[in-house]
There are 2 protein chains.
Amino acid sequence: MTSAAGSPPTGRARLADVAALAGVSVGTASKALNGAGRMRPETRQRVLDAVEELGFRPNQHAQSLHSGRSWTVGLMTTDGIGRFSTPVLLGAEDALGAGKISVLLCDTRGDAIREQHHLRNLTDRRVDGIIVTGRRTDPRPPLTGIDPAIPVVYALSPSTDPADTSVVTDDRGGAHLAVEHLLATGRTRIAHVTGPEHHQAARDRARHAVEHLAGAGLELATGRVHFGEWSEAWGRRAADAVLRTAPDTDAVFCGNDQIARGVADALRERGKEVPGDIAVVGYDNWDTMALACRPPLTTVDMNLAEIGRIAALRLLQAIDAEPDPGVHTVPCRLVVRESS
Amino acid sequence: MTSAAGSPPTGRARLADVAALAGVSVGTASKALNGAGRMRPETRQRVLDAVEELGFRPNQHAQSLHSGRSWTVGLMTTDGIGRFSTPVLLGAEDALGAGKISVLLCDTRGDAIREQHHLRNLTDRRVDGIIVTGRRTDPRPPLTGIDPAIPVVYALSPSTDPADTSVVTDDRGGAHLAVEHLLATGRTRIAHVTGPEHHQAARDRARHAVEHLAGAGLELATGRVHFGEWSEAWGRRAADAVLRTAPDTDAVFCGNDQIARGVADALRERGKEVPGDIAVVGYDNWDTMALACRPPLTTVDMNLAEIGRIAALRLLQAIDAEPDPGVHTVPCRLVVRESS
DNA sequence: ACCGTCTAGGAAAAGGTTTGCCCGTGACCT
DNA sequence: AGGTCACGGGCAAACCTTTTCCTAGACGGT
């Protein structure tokens, strides 16, 4: 029961204690634990029994010091933890945590100084890799001043440098899904209300919606895309505009769920039945909006958690020295509810 | 320029390289960096110059191995990263990141297995402390099987063990603020619509609202608390019930912003002016609800980020071996908008 | 019976920093 | 002039694990 030398100064058992208890050397104990080296089965078992008895857990700092790896990745989010980055972050955490990798959370609040601060911190901690997520789909400049040996994956907001690895949502496919669904349910006079034109997501979704309509020989019911804000208030105003311009509109594809909800509210208040008279389709599948809407919204789900998960997998791959640069898109999914 | 022995095997400069360049021993270089020990100013400066020239950054793994500290705290959130835990988490991250402490994110998804898994992981990493946040204000059982040497602070959901340190919102004060505001603006026939009675937050807010009204010699306009769900749909239904039971109601205090929004919508649709005829006050100050509501909601802000920050500070304090057990409440703040 | 081969397991270095302890030198005091 | 003290700085242990290299013993073959 007495473990050779002094009892461990830290309350925890060290490998040396295990070795002493098992009657082997420290090196042998290590090999027994890691399955390396050859040894008699009963010797290995004695070591494992000792581990069990002492409740030994290896000191990760020592392991990391030796291996140079920290079994940790940095997760930098640039806008607080917004509605978009949260699921991405959770997806990544899930994929990484399944292994023995943990996630260091860094929030830059969009501040370049903070970003540098965190970057230095992560570098000092010798993280194995970094995932950068943004709030929007607009490309962002790559991290600067970073040790090139640390792999980086950009999620949601791609890097402007095509040599980096980015994982983004498929806005084209999303718009396609929404429009196709409306067409398939017999709608032909479709309007599009979305966010600010200077947002890439708004532009992309609009462009692909228009293209897809054109492919079916159709045009937008109001003849143009209604760019505005990502808000309910804008959705309400835009709905009025749509009804004025093209009273025969039978569907509105909205750039996000907030707009869609505003549209649905305004339509109802103008005496239009949703979906009887006019179908409404949103984008984001943000539960609190989509489910609270009257009626609940059909909407495009970007599979954000999946984006996070894939970003994590790409990162793991890059850590194993098999980087796969370029922009990877993750398909969306249509969630059909009662508004269409 | 040649740095004594071999060039560093890792691309990074080691303290030994710095020492060689400065012409001192490794130990001295270390002391120069840490301000410890006594030495000639010019010696210290030579070391600092060498650090600068080589871009030296200490290897944290080595530091941690030596000190036993990881300069890291675990942040366990039990329900994904919900609307409530997110601000708490950011507040904590902010307070901790200001020092040189980083945050390890662990999401248990409410799963006890996962919680144990993460707990072992955090223990293995020798985190300096752990912050546990929940979704609700209901007390939760303390972490089990944890090394007692690791300080833990519970945020938002207090621990059931009063010997633990918990930081929670002040539901009493919040209810007080809301009711006082309504009274101060001349309302006297006040109804209360809130969430499920089995939620502590709902019970507490209701109880304190009633008590405060009683203090002013008043009772609830409908004679009872309307317990239900935390949803807009419930808010709408409850508003109807309130109007039926007590048509002369001139204010509704709601248990959260979703309910409040539902109430406001229903009131408007029943031809009641908000706030002209009836004032509405929400709870949570959840922007997307409070601002999108027509009219924008007066609401109670729980200062969640502050809760996170204070939890972080308490944790730092506990890490410095000055624990301060018990439940600490953080006051709320009333945000007055147009609904009252 | 001797030599070669193979195996189990030990010894020690490496990974990088901190820190307690010690020593040499120069200054100051008596 | 000798002793004491303070100061500057070096040495080495400690933190703990992994991994390479090596040795002693056993076993088989001739």
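Throughout, protein chains are lettered first and strands after them, A, B, ... in sequence-line order, and every chain is numbered starting at 1.
Sorted by first and then second residue, the salt bridge (Lys or Arg N to Asp or Glu O under 4.0 Å) pairs involving residues 21-32 of chain A (not counting sequence neighbours) form an empty list. Under the side chain to side chain donor-acceptor pair (under 3.5 Å) criterion, the residue pairs touching residues 310-322 of chain B are B:R314-B:D324, B:R314-B:H328, with sequence neighbours excluded. A salt bridge (Lys or Arg N to Asp or Glu O under 4.0 Å) check over residues 143-165 of chain B, counting only residues at least two apart or in different chains, returns the pairs A:R12-B:D147.
Every residue was checked against the salt bridge (charged side-chain N to carboxylate O under 4.0 Å, His left out) condition with B:R125, not counting sequence neighbours, and none meets it. For the salt bridge (charged side-chain N to carboxylate O under 4.0 Å, His left out) test, no residue two or more places apart in sequence or in another chain qualifies with A:R46. B:R57 meets the salt bridge (charged side-chain N to carboxylate O under 4.0 Å, His left out) test with A:D124; sequence neighbours excluded. Taking the side chain to side chain contact (heavy atoms under 4.5 Å, CB included) definition, one finds that B:A16 meets it with B:V26, sequence neighbours left out. By the side chain to side chain contact (heavy atoms under 4.5 Å, CB included) test, A:P87 pairs with A:L304, sequence neighbours left out.
Checked by atom type and distance alone, the side chain of A:S70 pairs as donor or acceptor with a backbone atom of A:R126 at under 3.5 Å. One N or O on the side chain of A:N59 and one on the backbone of A:A62 form a donor-acceptor pair closer than 3.5 Å.
Here the P atom of nucleotide D:dT20 and the CG atom of A:N34 are 12 Å apart, to the nearest Å. Put simply, CZ on B:R69 is 19 Å from C1' on D:dC16, counting in whole angstrom units. Atom CD of A:E42 and atom P of C:dA8 are 10 Å apart (whole Å). As a whole-Å value, the separation of B:R14 CZ from C:dT17 C1' is 12 Å. Whole-Å rounding puts the B:L15 CG to C:dG15 P distance at 14 Å. Distance B:R12 CZ to C:dG15 C1': 14 Å, rounded to the nearest Å. Rounded to whole Å, atom C1' of D:dT17 lies 12 Å from atom CZ of B:R126.
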Quick tally for nucleotides 4-11 of chain D: nucleotides whose base has a protein heavy atom under 4.0 Å get B, sugar-phosphate-only ones S, the rest -, giving ---SBSB-
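Each end of the helix from C:dA1-D:dT30 to C:dT30-D:dA1 yields a helix axis from five base pairs, and these two axes differ in direction by 60° (to the nearest 10 degrees).
Near DNA chain D, meaning a heavy atom under 4.0 Å from it, residues 58-67 of chain A has A:P58, A:N59, A:A62, A:Q63, A:H66 in order of number.
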Going by atom type alone, with no hydrogens or angles, which donor-acceptor pairs under 3.5 Å involve a side-chain atom of residues 32-44 of chain B and a protein atom two or more places apart or on another chain?
unit_1: B:N34; atom_1: ND2; unit_2: B:S30; atom_2: O; d: 3.2
unit_1: B:N34; atom_1: ND2; unit_2: B:S30; atom_2: OG; d: 3.4
unit_1: B:R44; atom_1: NH1; unit_2: B:A32; atom_2: O; d: 3.0

